[in-house]
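What follows is a short report on a single structure.
Below, all heavy atoms of this structure are taken into account, side chains as well, without hydrogens, waters or symmetry copies.
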Amino acid sequence: MPIAVDIDVMLAKRKMSVGELADRVGITPANLAVLKNGRAKAVRFATLAALCEVLECQPGDLLRWETETEAETGAGAGAAGG
């Protein structure tokens, strides 16, 4: 999918665990993992807003568009650790 999710990058910058983020956002760790690993087909704006509030970031810090070639090869900005 051409939309890459960089939640793991923000988690590392904020020194926060997936479990802590899920608790603070109000979603299950399993649903956060689906989103974090790029398997989600959609995300509610309310969830995105909560993620941004907790991580103190902008939506563009969590989501980015990449070409199909980058998606296939994993050559996006987040793939190398940012």
Original post:
Around Glu53, counting heavy atoms of other residues, nucleotides and ligands shown, do more than 12 lie under 6.0 Å from its CD?
Top reply: no
**OP:** Keeping the roles fixed (side chain from Asn31, backbone from Ile27), state whether a donor-acceptor pair exists under 3.5 Å.
**Re:** no
Subject >> Atom pair CG (Asp8) and NZ (Lys13), whose distance is rounded to the nearest 0.5 Å >> reply: 11.0 Å
Subject >> Crowding at CZ, Arg44 (>12 non-hydrogen neighbours, <6.0 Å) >> reply: no
Original post:
Do Val54 and Val34 sit in the same hydrophobic cluster, where Ile, Leu, Val, Met, Phe, Trp and Tyr count as joined when their side-chain heavy atoms come under 4.5 Å apart?
Top reply: no
Original post:
Can you check whether Glu56 reaches Met10 side chain to side chain, under 4.5 Å on heavy atoms?
Top reply: no
Subject >> Main-chain N/O of Gln58 paired to Asp61 side chain as donor or acceptor, under 3.5 Å >> reply: yes
Original post:
Hey, what do you get for CG (Asp23) to CG (Leu32), rounding to the nearest 0.5 Å?
Top reply: 10.0 Å
**OP:** List the atom of Leu48, the atom of Pro59, and the distance in Å for their closest heavy-atom pair.
**Re:** CD2-CB, 4.0 Å
Original post:
How long is the span from the CG atom in Leu11 to the NZ atom in Lys36, to the nearest 0.5 Å?
Top reply: 7.0 Å
**OP:** Let me see the working for Ile7 and Leu62 under side chain to side chain contact (heavy atoms under 4.5 Å, CB included), right down to the final yes or no.
**Re:** CA-CA 5 Å; Ile7 291 175; Leu62 302 177; 4.2 Å; yes
Subject >> Worked verdict on Val43 versus Val5 for side chain to side chain contact (heavy atoms under 4.5 Å, CB included) >> reply: CA-CA 11 Å; Val43 60; Val5 182; over 6 Å; no
Subject >> side chain to side chain contact (heavy atoms under 4.5 Å, CB included) between Arg64 and Asp6, intermediate numbers included >> reply: CA-CA 8 Å; Arg64 67 184 154 78; Asp6 291 328; 2.6 Å; yes
Subject >> Arg14 (side chain) donor-acceptor with Leu55 (main chain) under 3.5 angstrom >> reply: yes
